[in-house]
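Ligands are counted one by one from 1 in listed order, and the atoms in each one are counted from 1 as well. What you are looking at is a predicted structure, and each value in this text was computed from that prediction instead of being measured.
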Amino acid sequence: MPTSRVVPKKRAFSAQGVEPSIKLSPRGVLRLQGRHPWVYRSDVVSTSGGANDGNASDVPSGAVVRVLDQRGKFLGTALYSSSSQIAIRMISHGSVPDLPALVAERIRAAIAYRTDKDNELVANTDAYRIVFSEADFLPGLIVDRYNDVLSLQILTQAMDTAPVRDAIVQTLQDELQPAGIVERVEARIRELEQLPPQASRLLWGDKSSTEVTMNGIRFHYDGLEGQKTGAFLDQRENYAAAAEYGHGEVLDAFCYQGGFALHLALARTPDSTARCSSVTGVDSSRPALEMAEKNAALNGRELEWIEANAFDLLREYAAAGRHYDTIVLDPPAFAKSKRDLEKALGGYKELNLRAMKMLRPGGILVTCSCSYHVSAADFLGVVADAARDAHKDLRIVESRGAAKDHPILLNVPETSYLQCLILSVSN
Ligand code: SAH
């Protein structure tokens, strides 16, 4: 993580005049040496909230803490949570005299990383992730840009403090001149962090909905509706990849607001003929499908949208002997925790098996997993198992992950969660 270069304005001492500090066990120190920013509460051996009495409860929630080894050697600076099992998240290997200034600097760096002129990390879109928490050295902050509306999520106590919030909103205004900044709230996370409940709302400006264009395709965006921060921006590059290979009759299972479906419906061959003859999107969420229909209309298309449980529909269609040339599977995260892994793998296997049975020779399967607990190897294994059971040979055309604006930070496996395989069916 970059060491802070912020010039101290004033030192953020605790009420008692001493900066809170925290001592780590050797195992906690090892984690930091492994360049992972999180240390669990079980690896905190003592805390000093400023009164120097070693009482854990005297470190204020969301405090900036000096991190020490057991002998008192300074290791860096972290953000403290009084409630999470992740007690600290490192923010700098040096001192942090002014957290809001550091947050502002890191936001500017995150924007530059994506949009620097010489560094075309983000192209063909006005919707992309600007700040991805740990991967941008801003643990607990997510910011997505949807054209002129920004959507942010605050996930930790430290990011929720008033001076840090002010710095976030001000920096985003200065750097990107949005028409509105929306805050999306995940009630469960605020509860876990023991933060007061809050509704999703317009934080600044007067605009919470807009229109975005990804890869030349237009989408409505409503910052106060929908799932995630409103769309699945991590799939943006995978939409474009799918549109290079997809053809014929297409089924987009778990289509949400039509990201893959629309890219496929509008995909053209080099000589400008439509690649796909028909596209059907399936999702269990009616509001998502209503938005998908509006998105199709925005692009001058009318597609078939089916409100159904995709598991049931795939089972039924496979049993009825239906066939497709292209199937997209992008289900929600089945494994929310390690405990769910076996069940999740079973779910992926079933979906992939049914899809493979329905694909014609030469067909394309675009299959995704967004469960962090399902590794790339697990996912590949389960898709291979499905192929065996379906008696099919498939080749990997592309093995992909999240779009580049959702960077993976080496040594922080939590930043790598999305798998997207594009496979070609041989027989
Ligand atoms: N491919 C989409 C994102 C899919 S997210 C995109 O790129 O935008 C997963 C979707 O699965 C959500 O829209 C959710 O409503 C839907 N979903 C969840 N369980 C489902 C089920 N059993 N059957 C069909 N859809 C389901």
Side-chain angles (χ1 to χ4, degrees), residues 125 127-129 144 146 151 184 186 212-215 217-223 225-243 246 250-267 279-296 298-299 303-318 326-336 340 343-344 346-352 354-355 364-372 374 379 400-403 405-406 417-422:
T125 186
Y128 54 92
R129 179 149 293 183
D144 287 339
Y146 292 91
S151 173
R184 300 281 300 213
E186 273 199 46
V212 302
T213 309
M214 288 185 229
N215 309 307
I217 295 172
R218 296 161 68 192
F219 293 88
H220 291 288
Y221 172 71
D222 186 339
E225 297 289 333
Q227 304 173 23
K228 273 196 140 183
T229 64
F232 292 85
L233 296 179
D234 49 2
Q235 291 284 26
R236 176 174 49 82
E237 293 172 359
N238 297 331
Y239 297 152
V250 178
L251 182 67
D252 177 6
F254 308 91
C255 66
Y256 188 54
Q257 298 177 349
F260 280 104
L262 273 165
H263 276 78
L264 286 156
L266 290 145
V279 178
T280 300
V282 181
D283 203 280
S284 57
S285 158
R286 174 163 282 272
L289 293 176
E290 283 168 358
M291 190 59 116
E293 194 161 33
K294 282 193 201 154
N295 287 334
L298 194 59
N299 294 278
L303 310 186
E304 182 183 33
W305 306 106
I306 301 178
E307 183 185 345
N309 178 327
F311 279 92
D312 296 345
L313 185 115
L314 286 171
R315 195 177 304 127
E316 200 182 295
Y317 278 18
T326 302
I327 297 181
V328 179
L329 299 174
D330 184 18
F334 290 148
K336 298 254 193 255
D340 305 332
K343 222 174 104 207
Y348 288 120
K349 180 161 170 199
E350 176 177 344
L351 289 174
N352 281 280
R354 302 213 188 278
I364 291 289
L365 176 63
V366 180
T367 182
C368 311
S369 160
C370 58
S371 306
Y372 154 67
V374 175
F379 189 55
R400 310 178 55 93
D405 45 312
H406 294 62
Y417 62 97
L418 181 66
Q419 322 291 331
C420 172
L421 293 171
I422 303 183

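Checked options Tyr128, Phe219, Tyr221; the residue passing with Tyr146 is Tyr221 (criterion: ring pair (Phe, Tyr, Trp, His ring centres under 6.0 Å)).
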Q. What's the verdict on side chain to side chain contact (heavy atoms under 4.5 Å, CB included) for Asn299 and Leu262, showing C-alpha distance, side-chain angles and the deciding distance?
A. CA-CA 8 Å; Asn299 294 278; Leu262 273 165; 4.2 Å; yes
Q: Run the numbers on Ile422 and Ile364 for side chain to side chain contact (heavy atoms under 4.5 Å, CB included), then give the verdict.
A: CA-CA 7 Å; Ile422 303 183; Ile364 291 289; 4.0 Å; yes
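Those atoms of ligand 1 with a heavy atom of Ser285 less than 4.0 angstrom away are 15 (O). The Pro332 neighbourhood of ligand 1 comprises atoms 9 (C), 11 (O), 18 (C), 19 (N), with distances under 4.0 Å to a heavy atom of that residue.
Nearest heavy atoms, Tyr348 versus Cys370: OH-N, 4.0 Å.
Nearest protein neighbour of atom 1 (N) of ligand 1, counting heavy atoms only, is Asp330 OD2, 2.7 Å. At the top of the distance list for atom 4 (C) of ligand 1, counting protein heavy atoms only, stands Phe254 O, 3.2 Å. When hydrogens are left out, the protein atom nearest atom 5 (S) of ligand 1 is Phe232 CZ, 3.5 Å; that is the closest non-hydrogen contact.
Between atom 14 (C) of ligand 1 and the options Leu262, Asp283, Asp252, Asn309, the minimum heavy-atom separation is to Asp283.
Contacts of Ala288 with ligand 1, taken as heavy-atom pairs under 4.0 Å, are absent altogether. Only backbone heavy atoms of Ala308 (N, CA, C or O) come within less than 4.0 Å of ligand 1; its side chain stays farther off.
Asn238 places no side-chain N or O within 3.5 Å of a backbone atom of Ala403 that could act as its donor or acceptor partner.
Between Ser284 and ligand 1, a contact under 3.5 Å exists for at least one N or O pair. Taking any N or O of Tyr239, backbone or side chain, at least one lies under 3.5 Å from an N or O belonging to ligand 1. Between Val282 and ligand 1, no pair of N/O atoms sits closer than 3.5 Å. The shortest N or O to N or O distance between Ala310 and ligand 1 is under 3.5 Å.
Taking CG from Leu365 and CG from Leu351, the interatomic distance works out to 10.0 Å, rounded to the nearest 0.5 Å.
By the 4.0 Å N-to-carboxylate-O rule, Arg354 lies close enough to Glu350 to be salt-bridged with it. For the pair Arg236 and Asp405, the salt-bridge criterion is met [side-chain N within less than 4.0 Å of a carboxylate O].
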